[in-house]
Structure formats: C-alpha cells, structure tokens
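So that the names make sense, note that chain A is the first sequence line, chain B the second, and so on, each numbered from 1.
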2 protein chains.
Amino acid sequence: MSTTSTDLAVLGALSVEPMSGYALREAIRDVLGQFWSESFGQIYPALASLEAEEFVTRAEGSRPSASLFSITASGRRRLRELVREPLPNRPPRHGALLRLYFGRHLGKAGCLSLIDEVRAEAAAGLATFAAIREEIEADTQHADDAPYWLTTLDLGERSARATVEWADQARRVLGATK
Amino acid sequence: MSTTSTDLAVLGALSVEPMSGYALREAIRDVLGQFWSESFGQIYPALASLEAEEFVTRAEGSRPSASLFSITASGRRRLRELVREPLPNRPPRHGALLRLYFGRHLGKAGCLSLIDEVRAEAAAGLATFAAIREEIEADTQHADDAPYWLTTLDLGERSARATVEWADQARRVLGATK
DNA sequence: CCGGTCATGTAATCGGTTACATGATTCG
DNA sequence: CGAATCATGTAACCGATTACATGACCGG
C-alpha cells in the first residue's frame with residue numbers, strides 16, 4: 001500500500017531516465033531534498049507495486065545484482081494523473097526554531113550557536129544549489145524539463161538566501177540587546 | 001510515552017502563561033505554525049505525563065469543564081534542560097513543489113495555479129506575521145521573551161517574502177518561456 | 001583482500017494524525 | 001433554543017523511518 005505521493009516522486013524521477021531504486025533515492029535526496037524525502041522503506045515497496053500495476057518495468061542493470069526500472073507508457077499516463085492531484089503537506093517541525101523561540105531559557109550563547117547551525121545549513125544548501133543549477137543548464141537532453149527544475153530550484157535558493165540574511169541579522173540583534 | 005519535542009513545546013508555552021490544553025494547541029498553531037505543529041493526540045497525553053512528573057499542575061479554569069495547566073519550578077528546570085538538547089527535524093514534504101518539479105507533465109496552466117496557491121499561502125502568512133509582531137511589541141509583560149519571539153518571527157517573514165517574490169518571478173518566467 | 005559503496009528487500013517500531021465519544025459554555 | 005466554539009480524552013490507524021539481513025562490485 002504505497003501512497004500516491006511516493007508513486008508521484010518515483011514515476012516522476014523515472015520519467016527523466018531509468019535507474020535503480022538506490023539511484024532513485026539519491027536523486028530525490030540530492031535534487032529535491034529541500035522539499036521532499038523518500039526512504040528505502042517506501043521506495044522499494046512502491047516500485048514493487050508500480051511494477052505489479054505495469055506502470056514501471058524492471059530490467060537487469062549494469063550489474064546483475066541491480067535492477068533498472070523504467071517507466072511504461074501507462075506509467076506516464078498515471079504520472080499525468082498523479083501530478084494533477086493535490087498532495088498533503090506534512091506539517092513542519094523545525095527543531096532549531098522551536099528552541100530559539102524559547103531561547104530565553106537557553107541563554108544568549110546557546111541561541112547564537114543555534115543561529116549559526118541554521119546559517120551553516122542554509123549556506124551549504126546554497127552551494128549545492130549552485131552546482132545543481134549548472135548541471136541543469138549544461139544538460140541539453142532535458143530542455144523541456146529544465147524550466148520547471150530551475151523554477152523549483154529558485155525557491156530553494158531564495159529561501160536559503162533569506163535564511164542566511166536572517167541569521168546574520170539575528171546574530172547582530174541578539175548579540176547587541178542582551 | 002510523549003516525545004521530548006512535544007514536552008518542550010508544551011512547557012515552553014506554559015512558561016509564558018498558564019492555559020488549557022485547547023488554548024495550548026491554538027497558541028502553538030497560531031504563533032509557531034510556520035515551524036511547528038502539535039495535535040490534541042499529543043498534547044493531552046503529554047500534559048498527563050508532565051503532570052505525573054510534577055512538571056505541570058492542573059487547576060480548575062474559568063469554566064469547571066476546563067483545566068488550567070501551570071508550569072512548576074521543577075518544570076522550569078526541565079524546560080531549561082530540554083531547550084538545550086538537539087531536536088530532530090522532520091524531513092520536509094512540500095507537495096506543491098514536488099508537483100511543480102514534474103510540471104512538464106502538468107502543463108503550463110496547472111503550474112501557474114500551483115504557483116498562485118503557494119503565493120497566496122505565503123501572503124496570508126505575511127499578514128498574520130504582521131499582526132503577531134504588533135502583539136508582541138505591544139506586550140510589555142514579556143519583554144524578556146520578546147527578542148527571541150521577534151527573531152523567530154523574522155525568519156518566518158523573510159521566508160514568506162522570499163516565497164512571494166519567487167512566485168511573482170516564476171509566474172513571469174514560466175508564463176513567457178512556454 | 002578488505003573496506004566502502006552500490007543494491008534490494010523486509011520487519012519492527014514509532015511518531016503522529018484522525019476519528020470518535022462526550023459534554024460544557026457562549027452567543028445570537 | 002440551537003449552532004458554534006471550547007474542552008478533554010482515547011483508540012485506531014497509518015505513513016514513514018530504522019534497523020537488520022544479505023550480498024555483489026570496485027578501487028586501492
């Protein structure tokens with residue numbers, strides 16, 4: 001019983017190119033990590049059920065121990081259906097921000113290092129986004145996907161930049177007033 | 001078996017002022033909704049176990065059918081402990097962004113309305129943030145909490161602003177190129 | 001040859017939501 | 001008086017992670 005969310009992520013990724021379950025997870029983590037996540041415990045069952053429904057097929061990959069999954073014609077139809085359906089958002093749980101909100105009980109030094117952590121994460125994201133952007137722009141094979149990928153990426157970059165700017169100001173403000 | 005995350009949210013909120021479980025949930029949703037969420041199914045069991053550990057006490061509220069929970073001295077000590085511990089972040093699942101990433105299969109019109117949805121949500125957030133900010137600035141009772149609250153709020157505002165700006169540009173770019 | 005990565009899959013567990021049951025209170 | 005809101009609590013369910021079991025392949 002895989003969820004339609006996972007099916008969408010899997011079919012979407014396979015619509016770009018055939019790959020293994022393992023590669024699927026890496027692709028989702030690296031490219032969509034800011035907005036989405038899937039674990040093996042969802043991907044493999046999802047692939048099995050999609051295979052049973054003939055939305056994907058399994059072939060032997062480069063190594064005999066690996067499977068290469070490809071999307072079928074009916075899988076593409078299914079993908080077009082799924083992408084039209086609204087998906088539930090998972091309510092956020094940003095631990096650092098909860099702690100910062102009650103920062104009075106944590107003290108100034110603790111809050112500053114909390115802010116630094118958040119900043120470092122965002123800055124790291126900014127670096128990987130730049131790399132991904134270059135990859136997409138260099139990739140002539142998927143020119144019709146590129147505008148959507150770049151648009152999605154752009155939100156990630158803007159959010160990360162906003163976070164870095166926030167951290168820098170928060171450091172100044174909290175450092176001064178207390 | 002409540003999680004330490006929920007305990008932190010509950011004790012933190014009660015450190016501001018005593019309130020009912022119902023009010024607790026509203027407070028968390030309204031003020032921290034951008035970064036955190038708790039449902040009744042977590043709050044009431046958490047309150048019960050915190051009461052058993054004597055971190056909170058229960059008194060009769062304004063109505064006999066309602067309980068008024070207050071944090072105790074040892075509850076404050078517990079809060080200071082909890083706010084020092086790192087909390088796990090829940091991996092994000094932003095449905096609209098997943099769909100937009102595979103927007104080629106959704107088509108231009110669908111993508112634009114997706115972007116509009118995201119924009120509307122962010123714009124609504126911006127409005128509530130402004131209201132909360134005014135409330136905090138007017139509240140002289142909690143002057144020592146205010147810097148932390150405003151700092152947390154500031155990230156929400158910056159993220160929301162970044163999202164609105166992204167949406168406006170995304171609309172232009174996708175509207176033009178395709 | 002050995003450690004790291006690639007690779008598939010399952011079972012246990014868990015964190016959390018939802019739905020349900022129940023009832024008081026307030027307001028129009 | 002009836003509807004909406006305030007209020008507490010539990011049980012069922014579920015989506016998802018984690019840990020585990022297993023093994024091939026590659027590079028140094």
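Between the A/K108 side chain and the A/G175 main chain, a donor and an acceptor come within less than 3.5 Å of each other. With hydrogens and angles disregarded, no donor-acceptor distance shorter than 3.5 Å links the side chain of B/S70 to the backbone of B/T57. At least one donor-acceptor pair closer than 3.5 Å links the side chain of A/R99 to the backbone N or O of B/R84. In terms of modelled atom types and a separation under 3.5 Å, the side chain of A/S37 and the main chain of A/G33 share no donor-acceptor contact.
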Where do A/D154 and A/R158 land on the side-chain contact (heavy atoms from CB on, under 4.5 Å) test, with the steps shown first? CA-CA 6 Å; A/D154 189 40; A/R158 285 170 185 267; 3.0 Å; yes
Can A/S67 and A/E60 be said to form a side-chain contact (heavy atoms from CB on, under 4.5 Å), step by step? CA-CA 5 Å; A/S67 301; A/E60 195 174 281; over 6 Å; no
Any chance you could lay out the side-chain contact (heavy atoms from CB on, under 4.5 Å) test for A/H94 and B/R90, step after step, and finish with the verdict? CA-CA 7 Å; A/H94 195 311; B/R90 182 189 325 200; over 6 Å; no
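Taking the side chain of A/S65 as heavy atoms from C-beta on, and the options C/dG16, D/dC25, D/dA7, the nearest nucleotide is D/dC25. Checking C/dG16, C/dG9, C/dT25 against every side-chain atom of A/R58, the shortest atom distance belongs to C/dG9. Of the listed nucleotides (D/dT10, D/dA16, C/dA7), D/dT10 has the atom at the smallest distance from the side chain of B/P45.
Per the geometry, CZ belonging to B/F69 stands 11 Å off P belonging to D/dA7, to the nearest Å. For the pair A/D7 CG and D/dA16 P, the computed distance is 11 Å after rounding to whole Å. Per the geometry, OH belonging to A/Y44 stands 13 Å off C1' belonging to D/dG23, to the nearest Å. What separates CG of A/L68 from P of C/dA7 is a distance of 10 Å, to the nearest Å. In this structure, the CG atom of B/L47 is 12 Å from the P atom of D/dT10, given to the nearest Å.
Contacts of B/S67 with the nucleic acid, taken as non-hydrogen atoms under 4.0 Å apart, involve only primed sugar atoms and P, OP1 or OP2.
For the helix from C/dC1-D/dG28 to C/dG28-D/dC1, the angle separating the two terminal helix axes comes to 40°, with each axis derived from five pairs and the value rounded to 10°.
Seen from the ring of A/F35, B/R93 does not count as a face-on cation partner, given the 6.0 Å and 45° thresholds.
A donor and an acceptor atom, one from each side chain of A/E38 and A/T6, are located under 3.5 Å apart.
B/T3 has no side-chain polar atom (N or O) that falls below the 4.0 Å cut-off from OP1 or OP2 of C/dC14.
Counting heavy atoms from C-beta on, the side chains of B/L98 and A/L32 come closer than 4.5 Å. Annotation: side chain of B/W36 is in contact with side chain of B/S5 (closest heavy-atom distance under 4.5 Å).
Within residues 81-90 of chain B, no residue is approached by DNA chain D to less than 4.0 Å at the level of any non-hydrogen atom. Near DNA chain C, defined here as any heavy-atom distance below 4.0 Å, the residues from residues 17-43 of chain B are B/S37, B/S39, B/G41, B/Q42, listed numerically.
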